Amino acid sequence: MNASQPQAEAGAPVESRPSNFIRAIIMQDLKTNKYDGRVQTRFPPEPNGYLHIGHAKAICLDFGLADEFGGKTNLRFDDTNPEKEEQEYVDSIMEDVRWLGFHWDGLFYASDYFDQLYEWALQLIRAGKAYVDDLSADEMREYRGTLTQPGRDSPYRNRSIEENLDLFQRMRAGEFRDGSRVLRAKIDMASPNLNLRDPVMYRILHAEHHRTGDKWCIYPMYDYAHGQSDSLERVTHSMCTLEFEDHRPLYNWFIQQLGIFPSQQIEFDRLNLTYTLLSKRKLLQLVNEGHVRGWDDPRMPTLSGIRRRGYTPEAIRNFCSSIGVSKTNGTLELAMLEHFVREDLNQHAPRVMAVLRPLKLVIDNYPENQVEEMEAVNNPEDPAAGTRKVPFSRVLHIEQDDFREHPPKQYFRLSPGREVRLRYAYFVKCKEVVKNEKGEAIEVHCTYDPATRGGNTPPDGRKVKATIHWVSAAHAIDAEVRLYDTLFSRADPNQSQEGKEFTSNLNPDSLQVINKAKLETSLLNASPGSRYQFERLGYFCVDRDSSPGKPVFNRTVALKDTWAKIEKRPPEKP
RNA sequence: UGGGCCGUCGACUAAUGGUAGGUCAAGUGCCUUUGGAGCACUUUGUCUAGGUUCGAAUCCUAGCGGCCCAGCCA
C-alpha cells in the first residue's frame with residue numbers, strides 16, 4: 001500500500017488519514033520499544049461464510065496499520081469449528097483479500113497449532129489449571145449462575161491431576177461421545193465476568209475437519225485457540241471487535257499461565273451501515289432461503305457481491321480509511337459508501353450513452369437515410385481517455401424520463417414546443433407527440449437545427465436549459481440492465497415488527513430488471529467486470545451473465561440526481 | 001438490577017488541559033454540451049448537574065442514555 005504522507009508547507013508531516021486510538025497505541029509501543037520496534041498483526045477470519053464490507057474495515061486496519069509502521073500481517077483462518085467451516089469459504093476469503101489489494105506475509109490456520117495447543121492443555125492440567133468436566137451442557141449452564149448471581153463449582157472440579165490427564169487423553173483418543181465431557185480452565189466460578197467462570201477449552205466433536213480430516217475428535221474453543229495462535233505468530237497488536245472486550249482477561253490469562261509471548265488484544269467498533277445487514281449468520285440465511293441469488297448477488301454487502309456490483313477495491317479502501325475507527329457503537333449512512341464509489345468511478349469510468357426506457361424520437365427535417373458520426377468525449381475527467389464516434393440518424397431513442405407532455409415547474413427537459421440539446425449532436429425542438437390508446441406518449445417528433453452540430457452555439461446565440469442523451473435506433477444494441485435498490489427497506493433491518501423476522505424488512509423492489517435497454521454500439525462486446533458511466537444515469541458494470549451479443553449490466557450506483565431531489569420535495573406552502 | 005465498554009454537528013470521526021476541525025448528508029450560489037463532476041459559501045455539535053483549574057470535550061463526582069456478556073459458536 002501507499003503509505004506516503006503529504007507534507008505541510010512548513011515541512012511538518014501531516015496525517016493523510018484521521019488519527020485513531022489504535023495508531024496511538026502502536027506509536028506509543030514503538031516509542032517504548034515494547035516489542036523491539038516490531039509491528040505484527042493478523043487478519044483472523046473464520047471460514048464459515050463470505051467476507052463482507054465490515055471485514056474490509058478490519059482488513060484495512062490490520063494490513064494498513066502494519067504497513068504504515070513497516071510491520072507484517074498474517075492471514076490466519078480461525079478454523080476451530082469443523083461443523084461450520086468449509087474449503088469454499090477459505091478460497092473465497094483469500095480471493096477477496098487479494099482483490100482488496102492486500103498481500104499477507106504468513107498464511108496460517110489455527111488448525112496448524114492443534115498439536116501445540118494440545119500440549120499446552122496437558123501443561124495446564126499438570127499445573128492444576130484445567131480439568132475435565134462431565135457435566136452436560138444444560139447442567140453446566142445451571143452451574144454457571146447468571147449475570148447477577150455467581151456460579152457454583154462443578155462436582156468434577158477437583159479431580160486429581162492424574163485423572164484429568166487420563167480423561168483428557170482418552171477424550172482425544174475418541175473414547176467418549178460428543179458432548180459427554182469437556183476440558184475447562186479452572187479460574188473462578190464467582191467471577192463477575194462470565195468468561196472467567198471456568199470457560200470450556202476443548203469439546204468433543206467427531207467431525208471431519210476441512211484440513212485435518214479425522215485426526216482430531218476434540219477441538220479447541222475460540223478463547224483457548226485465538227490468543228495462543230497470536231502468541232505463536234508473535235503478533236504484537238491483535239485487533240478485534242468490541243464484543244471481545246470481556247474476553248480480554250481470558251486472552252491474557254492463558255498467555256500468562258503458559259508463559260508465552262504476550263500478544264495484546266485491542267478492540268474497536270464493528271462497522272454498521274444503514275439499510276444493510278452485516279451478520280454472517282443472517283447473510284447465510286438470505287442465501288439459503290433464496291432471498292438473493294447467492295453470496296455474490298450484487299445486492300449483498302459481501303465483498304464478492306459488491307465486486308460483482310461494480311465497486312472498486314480503491315473505493316472500498318478509501319471508504320475504510322476515511323470512516324475512521326473508534327470504540328463508539330454507531331451506524332454509518334450508506335451514502336458515505338456510495339460517495340466513495342462515485343468518486344473513484346467518476347475519475348476512471350469511460351462514458352457511454354445508454355437509454356434504459358426508450359421513447360422514439362423522430363427528427364422530421366433530418367434526411368431519411370443519412371448517418372453522421374458524432375464525436376463523443378470518453379471521459380471529461382481524463383483527457384487521455386480520448387474520444388469516440390457515435391452514429392446519429394433520423395430516428396433515435398431517448399429516455400422516457402426526458403420527455404413530459406405537461407412539464408412541472410423546474411423541469412428543463414423536452415416537452416411540446418421546447419428545445420433541448422442532444423448530447424454531442426444538435427438542438428432539437430419538439431413539434432408533435434404521438435400517443436397510444438392509453439394516452440401515453442410513444443413517439444415524439446422534432447426538428448433539428450443544423451447550425452448547432454456538435455456543441456456549436458447557434459448564430460442567434462439562443463441557449464437551451466437541458467442536454468439529454470440518445471441512441472440511434474438503427475444502430476442500438478439491446479441489453480439487459482439490472483437496477484438495484486437497498487436489499488432492505490428499513491434503515492435498521494434488524495428492527496422488525498414483533499413476531500416477525502428480519503426478512504420481513506426485505507425490499508420487494510431491490511431488483512428491477514430492464515430487458516430491452518438500448519445501448520451504444522461500442523458496448524456490444526464489453527467484457528465482464530468492465531465499468532462505465534451511462535451518461536446522466538449512473539455507473540454500470542458488465543455482469544458475468546453476459547453472453548456474446550447480449551450484454552448484461554449491473555447498476556453500481558446512480559449519479560446524484562438533482563432533479564429527482566427537486567421533484568421529491570414537498571410542495572411549498574403559500 | 002453483576003461486570004465490561006461507549007456518549008462531540010443529521011451520520012461518521014478529530015482535537016490527549018489552551019482557536020471545537022474534517023468527511024458524508026442537507027442548503028445556497030457559480031460554472032457546465034451529463035440537473036454529473038468541479039468551485040465557493042452556509043446551517044447544525046461537546047448527554048445532564050456539580051466540582052478541580054487562569055483555562056475542561058478532555059480530569060474528578062453523581063446522574064441519564066446506549067451497546068455487549070449467562071454457546072460444548074467465533
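First the proteins, then the strands, lettered A, B, ... as listed; each starts at 1. This structure is a prediction, so every number in the text was calculated from the model and none was measured.
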Salt bridge (Lys or Arg N to Asp or Glu O under 4.0 Å) partner of E419(A), the single match among K429(A), K463(A), R462(A): R462(A)
Donor/acceptor link under 3.5 angstrom from N329(A) side chain onto base of G66(B): no
Atom-pair distance (CD1 on I22(A); C1' on U13(B)), nearest Å: 14 Å
Steps toward side chain to side chain contact (heavy atoms under 4.5 Å, CB included) verdict (D382(A), H348(A)): CA-CA 8 Å; D382(A) 177 17; H348(A) 304 291; over 6 Å; no
Pair D230(A)-Y251(A), side-chain donor/acceptor within less than 3.5 Å: yes
Distance in angstrom units between Y224(A) OH and C72(B) C1', rounded: 16 Å
Sugar-phosphate, base or nothing in reach of E381(A), heavy atoms under 4.0 Å: base
Contact under 4.0 Å: R203(A) side-chain N or O vs C73(B) OP1/OP2: yes
Atom-to-atom span, CG of L250(A) to C1' of A74(B) - whole angstrom: 13 Å
Syn-anti status, with the boundary at 90° from 0, for the nucleotide G27(B): anti
Can you tabulate the close N/O pairs, meaning under 3.5 Å, that link protein atoms to atoms of nucleotides 23-29 of chain B?
from, atom 1, to, atom 2, distance (Å)
A26(B), OP1, K565(A), NZ, 3.3
G27(B), OP1, R569(A), NH1, 3.2

Candidates U8(B), C12(B), G35(B) - which lies nearest the side chain of T328(A): U8(B)
Sugar-phosphate only, base, or nothing, as touched by D269(A) at under 4.0 Å among non-hydrogen atoms: sugar-phosphate
Plane angle bin for F168(A) and Y118(A) - parallel if under 30°, tilted between 30 and 60°, otherwise perpendicular: parallel
Rounded P spacing from U42(B) to G22(B) in Å: 10 Å
Between A14(B) and G7(B) - P atom distance, rounded Å: 10 Å
Side-chain N,O (R184(A)) to OP1/OP2 (C72(B)) below 4.0 Å: no
Touch class at under 4.0 angstrom, heavy-atom based, for R351(A) against every strand present: base
Sugar-phosphate, base or nothing in reach of F244(A), heavy atoms under 4.0 Å: base
Touch class at under 4.0 angstrom, heavy-atom based, for G330(A) against every strand present: sugar-phosphate
Sugar-phosphate, base or nothing in reach of S326(A), heavy atoms under 4.0 Å: sugar-phosphate
Heavy-atom neighbours of R270(A) CZ exceed 12 at 6.0 Å: no
Proximal nucleotide (of A74(B), U34(B), C72(B)) relative to the N81(A) side chain: A74(B)
Of the listed nucleotides G36(B), U16(B), A74(B), the one nearest the side chain of A24(A): U16(B)
Integer-rounded Å distance: G36(B) C1' and D402(A) CG: 13 Å
Nucleotide C67(B), atom C1' - distance to CD of E245(A) in whole Å: 10 Å
Position toward the 5' end of RNA chain B (nearest nucleotide), R181(A) or F21(A): F21(A)
Residue D246(A), side-chain atoms from C-beta onward, closest of U13(B), G4(B), A70(B): G4(B)
Involving RNA chain B, stems made of at least three consecutive Watson-Crick or G-U pairs, both distances under 3.5 Å: B:2-7 with B:64-69, B:10-13 with B:21-24, B:26-30 with B:38-42, B:47-51 with B:59-63
Sole candidate of D401(A), D561(A), D402(A) that passes salt bridge (Lys or Arg N to Asp or Glu O under 4.0 Å) when paired with R536(A): D402(A)
Parallel, tilted or perpendicular, as decided by the 30° and 60° cut-offs, for the rings of F540(A) and F534(A): parallel
R141(A) side-chain proximity, nearest of G71(B), G35(B), A74(B): G71(B)
Stepwise side chain to side chain contact (heavy atoms under 4.5 Å, CB included) check, T276(A) with H52(A): CA-CA 11 Å; T276(A) 90; H52(A) 53 63; over 6 Å; no
Distance, rounded to the nearest Å, where R281(A) contributes CZ and G71(B) contributes C1': 13 Å
Touch class at under 4.0 angstrom, heavy-atom based, for L273(A) against every strand present: nothing
Integer-rounded Å distance: U34(B) C1' and N378(A) CG: 14 Å
Nearest-angstrom distance from the residue atom CG of L194(A) to P of C72(B): 11 Å
Sugar-phosphate, base or nothing in reach of H469(A), heavy atoms under 4.0 Å: nothing
Touch class at under 4.0 angstrom, heavy-atom based, for P380(A) against every strand present: base
Sugar-phosphate only, base, or nothing, as touched by Y411(A) at under 4.0 Å among non-hydrogen atoms: base
Sub-4.5 Å side-chain heavy-atom contact between I53(A) and Y311(A): no
Inter-nucleotide P distance (C5(B), A62(B)), Å rounded: 15 Å
Residues Y222(A), F244(A); criterion ring-ring contact (aromatic ring centres under 6.0 Å, His included); working and verdict: CA-CA 11 Å; Y222(A) 166 87; F244(A) 290 98; 5.0 Å; yes
Separation of the P atoms in A57(B) and A25(B), to the nearest angstrom: 30 Å
Spacing of the C1' atoms in A20(B) and G55(B) (rounded, Å): 15 Å
Sugar-phosphate only, base, or nothing, as touched by Q533(A) at under 4.0 Å among non-hydrogen atoms: base
Test item: side-chain donor near acceptor, E314(A) and T312(A), under 3.5 Å: no
Sugar-phosphate only, base, or nothing, as touched by T274(A) at under 4.0 Å among non-hydrogen atoms: nothing
RNA chain B: 5'-proximal contact among L147(A) and T562(A) (nearest heavy atom): L147(A)
Out of G2(B), A11(B), G71(B), whichever nucleotide has its closest atom nearest the side chain of R144(A): G71(B)
Trace of the side chain to side chain contact (heavy atoms under 4.5 Å, CB included) decision for F108(A) with S229(A): CA-CA 9 Å; F108(A) 299 112; S229(A) 300; over 6 Å; no
W563(A)/F412(A) under ring-ring contact (aromatic ring centres under 6.0 Å, His included): CA gap, chis, key distance, verdict: CA-CA 9 Å; W563(A) 166 244; F412(A) 303 143; 7.6 Å; no
Sugar-phosphate, base or nothing in reach of V182(A), heavy atoms under 4.0 Å: base
Sugar-phosphate only, base, or nothing, as touched by L242(A) at under 4.0 Å among non-hydrogen atoms: nothing
Nearest listed nucleotide, side chain of S19(A), among A14(B), C5(B), C72(B): A14(B)
